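On a predicted model such as this, the values are computed, not experimentally measured, just so you know.
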Amino acid sequence: MRLLCFQAKRFRWKTFSKTLPEVPDQEVDEDVRETVAVFLHAEASDEESERGSSVLRQTLKHIKWLANKRGIKNIVLHSFAHLGGQAASPSFTEAFLQDIAQRLRETGYSVWLTPFGHFCEWDLSVHGDSLAKVWKEIH
């Protein structure tokens with residue numbers, strides 16, 4: 001699992017084109033203020049059953065840690081299969097994102113997911129300090 005996270009003043013995304021033919025067509029234009037934008041790249045090794053619960057737990061811990069550093073309660077999850085390594089299957093990645101979203105919501109966060117299987121255009125305004133831009137690789 002690879003995560004590129006931003007403590008964002010604003011994150012806006014708009015659907016541009018589909019990348020997976022089997023996903024439904026969507027036209028989305030969303031804008032969230034004071035959020036942690038999580039660009040998530042699930043790797044093939046994350047699909048191994050003995051790794052699943054550990055990867056999920058560490059991912060949640062990292063997102064909550066970063067959000068709590070600035071008191072942020074909004075989270076945007078975005079599948080971003082461009083952070084290197086061999087990508088996990090689309091079905092695993094989508095289910096993982098849904099699971100992360102559900103667990104975050106259960107603990108008081110508001111969560112948005114960008115449309116899975118779509119390219120999006122973005123407007124991203126990030127806070128200036130070093131902690132506002134964090135890369136994390138979960139083994």
Side-chain angles (χ1 to χ4, degrees):
M1 185 67 57
R2 297 173 189 211
L3 306 170
L4 180 58
C5 303
F6 301 97
Q7 291 176 335
K9 299 174 194 176
R10 175 180 181 253
F11 182 50
R12 177 188 165 263
W13 63 98
K14 181 179 178 183
T15 48
F16 180 75
S17 65
K18 284 192 347 181
T19 60
L20 298 172
E22 66 272 15
V23 300
D25 291 336
Q26 294 186 51
E27 287 193 31
V28 175
D29 190 345
E30 293 275 347
D31 189 333
V32 179
R33 306 288 173 143
E34 292 304 322
T35 187
V36 173
V38 179
F39 289 53
L40 182 145
H41 173 85
E43 299 181 282
S45 61
D46 298 330
E47 294 187 75
E48 298 170 8
S49 59
E50 63 274 3
R51 285 183 41 87
S53 62
S54 175
V55 169
L56 180 67
R57 185 179 66 255
Q58 290 179 67
T59 300
L60 283 166
K61 183 178 176 182
H62 178 73
I63 294 169
K64 289 178 181 180
W65 169 81
L66 188 58
N68 290 336
K69 288 294 183 181
R70 194 177 290 276
I72 294 172
K73 297 306 272 183
N74 296 326
I75 309 292
V76 177
L77 301 174
H78 176 68
S79 175
F80 193 70
H82 306 287
L83 295 176
Q86 185 176 0
S89 68
S91 60
F92 173 84
T93 303
E94 185 174 23
F96 188 87
L97 286 164
Q98 292 292 341
D99 200 8
I100 289 288
Q102 176 186 339
R103 290 171 184 249
L104 287 167
R105 287 177 182 128
E106 289 171 355
T107 55
Y109 293 90
S110 297
V111 182
W112 291 259
L113 290 103
T114 63
F116 188 80
H118 289 77
F119 284 131
C120 294
E121 63 180 65
W122 312 316
D123 292 320
L124 178 61
S125 176
V126 178
H127 290 279
D129 51 306
S130 175
L131 193 58
K133 309 143 198 94
V134 178
W135 159 260
K136 175 77 172 173
E137 188 168 2
I138 297 172
H139 300 281

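Nearest heavy atoms, Leu131 versus Leu66: O-CD1, 3.4 Å. Of all non-hydrogen atoms in Val32 and Thr35, the two that sit nearest each other are CG1-CB, 3.7 Å. Across all non-hydrogen atoms, the minimal contact from Leu124 to Ala37 is CD1-CB, 4.5 Å. Here the shortest heavy-atom pairing between Gly117 and Val23 reads O-CG2, 3.8 Å. Of all non-hydrogen atoms in His139 and Gln58, the two that sit nearest each other are O-NE2, 3.9 Å. Nearest heavy-atom pair across Thr15 and Cys120 is CA-SG, 4.1 Å.
The line from CZ of Arg51 to CE of Met1 is 8.0 Å long, rounded to the nearest 0.5 Å.
Connection of Leu113 to Ile63 is established within a shared hydrophobic cluster, with ILVMFWY side chains joined at heavy-atom distances below 4.5 Å, either directly or through further cluster members. Placement of Trp65 and Ile75 within a single hydrophobic cluster is found when ILVMFWY residues are connected by side-chain heavy-atom separations under 4.5 Å, directly or transitively.
More than 12 heavy atoms of other shown residues, nucleotides or ligands fall within 6.0 angstrom of atom CD in Glu48.
With a 4.5 Å cut-off on side-chain heavy atoms, Asn74 and Phe11 do not count as touching. You'll find the side chain of Phe96 reaches within 4.5 Å of the side chain of Leu40, heavy atoms only. Counting heavy atoms from C-beta on, the side chains of Thr93 and His41 never come closer than 4.5 Å.
Gln98 and Glu94 are not linked by any side-chain donor-acceptor pair at a separation below 3.5 angstrom, with hydrogens and angles left out of the test. No side-chain donor from either of His118 and Glu27 sits under 3.5 Å from a side-chain acceptor of the other.
Note: Phe80 and Trp122 have tilted aromatic rings, judged against thresholds of 30 and 60 degrees for the angle between ring planes.
Remark: Lys73 qualifies as a cation-pi partner of Tyr109 under the 6.0 Å distance and 45° angle criteria applied to the six-membered ring.
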